[in-house]
Amino acid sequence: YLAASRLDPRILPFSCPDYSLPQDETLEKLRQDIANGARGLKIHSVLSNLPMTDPRTLACIELFGNAGLPVLFHVGVSHYYTFGQPYKETPEYDLIAAHCVNNYVRELAEKTAGLNRIYTDTTFCSAAKIADAVEVMGDDKILLGTDYPFTTIADAYAQVEIALRD
């Protein structure tokens, strides 16, 4: 992905924490990833088996936030998510709630009203849902997402083109 991003600046390689390492090594790996071209951080609390409020996760978020790089959170309500976790913005960081356009864009917009640095993406979305998300949150809050290799950039881009034909 890093090599592809050097050929096409629209491709933004993200990194993720390796919690199997001691905390200082986890942060050093992430610093190296940034130095090598990582343009954001993805946090997947379920797969890492850590809440977003865990001090190790917060240290990783702070590292990327202080570097001026966005942090993407895997979010949603399904069989492996817990309920009741509040939306909260860290004011100095750009935060991306992945997959919200598909099912949760209205809830995200409602619970983050007035917060300026919250975004979501178009991963796994139809053109109709993308158009609705743009209407609800604004076109400056919706990012093209693919979640490759589960979807292709061509399919994702096609849905965005259809949604924004007007």
Side-chain angles (χ1 to χ4, degrees), residues 10-17 19 23 26-27 30 34 38-148 150-151 153 155-166:
R10 296 174 298 172
I11 297 172
L12 305 177
F14 275 52
S15 184
C16 61
Y19 294 114
Q23 180 66 16
T26 297
L27 293 173
L30 293 175
I34 292 170
R39 304 277 302 279
L41 178 70
K42 181 171 184 177
I43 300 293
H44 198 306
S45 296
V46 174
L47 294 181
S48 65
N49 198 27
L50 291 173
M52 288 191 278
T53 56
D54 184 279
R56 294 170 288 176
T57 300
L58 294 174
C60 297
I61 294 166
E62 182 178 20
L63 176 69
F64 272 73
N66 288 341
L69 298 171
V71 178
L72 180 139
F73 295 92
H74 197 278
V75 300
V77 178
S78 68
H79 66 282
Y80 56 76
Y81 284 101
T82 59
F83 294 89
Q85 294 181 347
Y87 292 93
K88 181 180 177 186
E89 180 177 26
T90 306
E92 66 272 19
Y93 306 149
D94 292 323
L95 303 177
I96 305 165
H99 313 301
C100 282
V101 169
N102 205 27
N103 293 309
Y104 312 106
V105 73
R106 292 187 181 279
E107 181 181 0
L108 178 68
E110 176 186 314
K111 291 189 176 185
T112 62
L115 302 177
N116 296 319
R117 298 181 77 175
I118 301 290
Y119 304 87
T120 189
D121 68 22
T122 63
T123 304
F124 301 123
C125 294
S126 67
K129 288 189 176 194
I130 294 168
D132 183 53
V134 168
E135 183 177 321
V136 170
M137 290 190 68
D139 62 2
D140 61 332
K141 300 291 183 184
I142 310 298
L143 309 172
L144 173 67
T146 64
D147 215 356
Y148 181 83
F150 304 109
T151 61
I153 195 165
D155 291 336
Y157 188 75
Q159 292 303 306
V160 170
E161 278 190 316
I162 293 167
L164 303 178
R165 277 192 181 147
D166 295 336

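Throughout, numbering of the chain's residues begins at 1 and tracks the sequence.
The two residues F64 and I34 have their closest heavy-atom pair at CZ-CG1, 3.6 Å. Counting all heavy atoms, side chain and backbone alike, L30 lies closest to C60 at CD1-SG, 3.5 Å. Across A38 and L69, no two heavy atoms sit closer than the pair O-CD1, 3.8 Å. Nearest heavy-atom pair across Q159 and C125 is CG-O, 3.5 Å. Nearest heavy atom pair, residue G145 against residue T122, reads N-OG1, 2.9 Å.
The CD1 atom of I43 sits 9.0 Å away from the CG atom of L50 when rounded to the nearest 0.5 Å. Taken from CG in L72 to OG1 in T123, the straight-line distance is 7.5 Å, to the nearest 0.5 Å. For the atom pair I162 CD1 and I130 CD1, the distance stands at 8.5 Å (nearest 0.5 Å).
Counting only residues at least two apart or on different chains, the side-chain hydrogen bond (donor to acceptor under 3.5 Å, both in side chains) pairs with a member in residues 50-63 are Y19-T57, D54-R56. Applying the salt bridge (charged side-chain N to carboxylate O under 4.0 Å, His left out) test to every pair with at least one member in residues 118-139, sequence neighbours left out, gives these pairs: R106-D132.
The backbone N or O of C100 lies less than 3.5 Å from a partner atom in the side chain of T120, making a donor-acceptor pair.
Between P17 and L41 there is a side-chain heavy-atom pair separated by less than 4.5 Å.
Evaluation of the ring pair (Phe, Tyr, Trp, His ring centres under 6.0 Å) rule for F124 yields H99 as partners, not counting sequence neighbours.
Residue N49 qualifies as open at atom CG: its count of foreign heavy atoms under 6.0 Å is 12 or below.
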Evaluate the criterion side chain to side chain donor-acceptor pair (under 3.5 Å) for residue pair N66 and Y93; output intermediate values, then yes/no. CA-CA 8 Å; N66 288 341; Y93 306 149; 3.3 Å; yes
